[in-house]
Amino acid sequence: EVQLVESGGGLVQPGGSLRLSCAASGFTFSSHWMHWVRQVPGKRLVWVSRINSDATERDYADSVKGRFTISRDNSQNTLYLHMFSLRAEDTGLYYCARHSMGALDFWGQGTVVTVSS
Amino acid sequence: DIVMTQSPGSLPVTPGEPASISCRSTQSLLHSNGHTYLDWYLQKPGQSPQLLIYLGSHRASGVPDRFSGSGSGTDFTLKISRVEAEDVGLYYCMQTLQAPHTFGPGTKVDIK
């Protein structure tokens, strides 16, 4: 059974940092692109970043470029999102998702990030 | 960036009746490989989004055949042939043709 379990969220002050993790199981992690998606208050979904299977390609939303870094450890079946210089607008529920067949076919349950003083 | 729009924003439905959601993109989602990179997701209350339709018209594993996706280029439609109570939630379209990927604003489907 495919499972994606996010962790690392929490309350952080503006300008602070967090590292999100996504532990994957039930599939060959090293064969799949992976994504992070944020759901903001009001339920809108915002794509954040993606990384290819061997970490040689990474893409970011303009709003996080230069502040967030996506990475992965295929030996540990884990995806990361390193978040720096956090802003109030980064607040939300962060999902990791597996990419397959041109879509995000499995999503985790998410981890909440709140940026507030 | 490709902008995605959806209509309607809210859709009250009657069980057993059909329902339809429209999604439009600001540029064609047809790739040179012949695939159209448009997906549909449903987020049921209290749950994570789940994939319904990929590459415009292909039902994901386990998705009931009352759901269908159609369209091409910049105009797409998700149809539910006969709505069931379990179909309530937020429906999103998303383009994965190019980064940054983008979602539509969502359509809230609930029972009349």
- Asp105(A) versus chain B, the contacting section by heavy-atom distance below 4.5 Å: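 Looking at Asp105(A), backbone and side chain both touch chain B.
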- Query: Quick one: what part of Val48(A) sits under 4.5 Å from any heavy atom of chain B, side chain, backbone, both or neither?
  - Reply: neither
Value rounded to 0.5 Å, distance of [atom1] in [X] from [atom2] in [Y]:
X	Y	atom1	atom2	result
Trp47(A)	Met94(B)	CH2	CE	8.0 Å
Lys43(A)	Gln43(B)	NZ	CD	5.5 Å
Leu45(A)	Thr102(B)	CG	OG1	11.5 Å
His35(B)	Met101(A)	NE2	CE	11.5 Å

- Note on the structure: Max heavy-atom pairs within cutoff under 4.5 Å with chain B, candidates His35(A), Arg50(A), Arg44(A), goes to Arg50(A)
Report whether [X] and [Y] are members of the same hydrophobic cluster (ILVMFWY, side-chain heavy atoms less than 4.5 Å apart, transitive linking).
X	Y	answer
Tyr80(A)	Val113(A)	no
Tyr37(B)	Tyr91(B)	yes
Val46(A)	Met83(A)	no
Tyr95(A)	Leu4(A)	no
Ile111(B)	Leu42(B)	yes

- Quick one: are Phe103(B) and Val37(A) in side-chain contact, heavy atoms under 4.5 Å? yes
For the backbone of [Y] and the side chain of [X], can you confirm whether one donor and one acceptor N or O come within less than 3.5 Å of each other?
X	Y	answer
Ser48(B)	Gly108(A)	yes
Tyr41(B)	Leu104(A)	yes
Thr96(B)	Gly102(A)	yes

- Task: Step by step, work out the side chain to side chain donor-acceptor pair (under 3.5 Å) result for Gln47(B) and Gln109(A).
- Result: CA-CA 7 Å; Gln47(B) 297 184 17; Gln109(A) 291 304 304; over 6 Å; no
Side chains of residues 69-88 of chain B: which donor-acceptor pairs under 3.5 Å do they make with residues two or more places apart or in other chains?
{"from": "Asp75(B)", "atom 1": "OD1", "to": "Arg24(B)", "atom 2": "NE", "distance (Å)": "3.0"}
{"from": "Glu86(B)", "atom 1": "OE2", "to": "Arg66(B)", "atom 2": "NH2", "distance (Å)": "2.8"}
{"from": "Asp87(B)", "atom 1": "OD1", "to": "Arg66(B)", "atom 2": "NH2", "distance (Å)": "2.7"}
{"from": "Asp87(B)", "atom 1": "OD2", "to": "Arg66(B)", "atom 2": "NE", "distance (Å)": "3.0"}
{"from": "Asp87(B)", "atom 1": "OD2", "to": "Glu84(B)", "atom 2": "N", "distance (Å)": "2.9"}

- Task: Not counting sequence neighbours, list each pair that qualifies as a disulfide bond (SG atoms under 2.5 Å apart) and has a residue in residues 23-100 of chain B.
- Result: Cys23(B)-Cys93(B)
